[in-house]
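Input: a single structure, listed below in structure tokens.
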Amino acid sequence: MKRTVEVRHDSTGKEIQLHDVLKDEETGEMALVVYASNKAGVRGLAVENKLIGVNDWLDVFPDGVWTIVGNASVSSHS
């Protein structure tokens, strides 16, 4: 059974996207949104910060837990 990770929205209602940099307003923890998959066929967005041990599917968090503070794939170079 293949499953995709459900869409989530940040504390302002904005849809969380790949490479968004997130801040948990309650704990202050920061994380990056990455694309992930596993052997069970689940695929989609996950929240990761290897430095502090955060590694979960995005949809395990309810809407509004995270605030988008930027996107790591944005470049100022043309």
Side-chain angles (χ1 to χ4, degrees):
M1 171 192 224
K2 292 191 178 187
R3 176 178 92 78
T4 57
V5 176
E6 295 177 17
V7 173
R8 287 293 181 255
H9 296 87
D10 79 347
S11 60
T12 68
K14 185 175 178 185
E15 185 177 326
I16 297 174
Q17 301 285 326
L18 183 63
H19 300 136
D20 279 345
V21 178
L22 306 176
K23 179 180 180 183
D24 182 320
E25 292 299 332
E26 186 176 306
T27 65
E29 293 176 333
M30 302 294 289
L32 180 64
V33 178
V34 297
Y35 184 82
S37 62
N38 67 17
K39 293 179 183 178
V42 180
R43 56 188 166 79
L45 298 181
V47 179
E48 180 178 80
N49 183 333
K50 292 179 182 180
L51 297 172
I52 61 173
V54 173
N55 189 18
D56 280 307
W57 295 110
L58 179 60
D59 65 1
V60 303
F61 301 97
D63 283 336
V65 168
W66 300 101
T67 299
I68 299 169
V69 296
N71 188 289
S73 65
V74 173
S75 173
S76 63
H77 301 287
S78 299

Intermediate values then yes/no, side chain to side chain contact (heavy atoms under 4.5 Å, CB included), V33 and L22: CA-CA 8 Å; V33 178; L22 306 176; 3.5 Å; yes
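- In terms of heavy atoms, R8 sits closest to F61 at NE-O, 2.7 Å.
- Taking hydrophobic clusters as Ile, Leu, Val, Met, Phe, Trp and Tyr residues chained together by side-chain heavy-atom distances below 4.5 Å, Y35 does not share a cluster with V21.
- Cluster membership check: V5 shares its hydrophobic cluster with V60, using side-chain heavy-atom separations under 4.5 Å among Ile, Leu, Val, Met, Phe, Trp and Tyr.
- The hydrophobic cluster containing I68 also contains V65, counting ILVMFWY residues as joined when their side-chain heavy atoms lie under 4.5 angstrom apart, directly or transitively.
- Atoms CE and NZ, on M30 and K23 in that order, are 7.0 Å from each other to the nearest 0.5 Å.
- Side-chain heavy atoms closer than 4.5 Å link hydrophobic residues (I, L, V, M, F, W, Y) into clusters, and following such links, even through other members, never connects L18 to V69.
- Nearest heavy-atom pair across S73 and H19 is CB-ND1, 3.7 Å.
- E15 contributes atom CD, which lies 10.5 Å from atom CG of D10 (distance to the nearest 0.5 angstrom).
- Of all heavy-atom pairs between A31 and V47, the closest is CB-CG1, 3.2 Å.
- Put simply, the side chain of D20 never gets that close to the backbone of T67: no donor and acceptor are under 3.5 Å apart.
- A46 and A36 make their closest contact through CB-CB, 4.0 Å (heavy atoms, listed as atom of the first residue, atom of the second, distance).
- Within the model, atoms CG of L32 and CG of L45 stand 10.5 Å from one another, a figure rounded to the nearest 0.5 Å.
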Please report, to 0.1 Å, the donor-acceptor pairs under 3.5 Å made by any side chain of residues 52-59, with sequence neighbours excluded.
from : atom 1 : to : atom 2 : distance (Å)
D59  : OD2    : R3 : NH1    : 3.0
D59  : OD2    : E6 : N      : 3.1

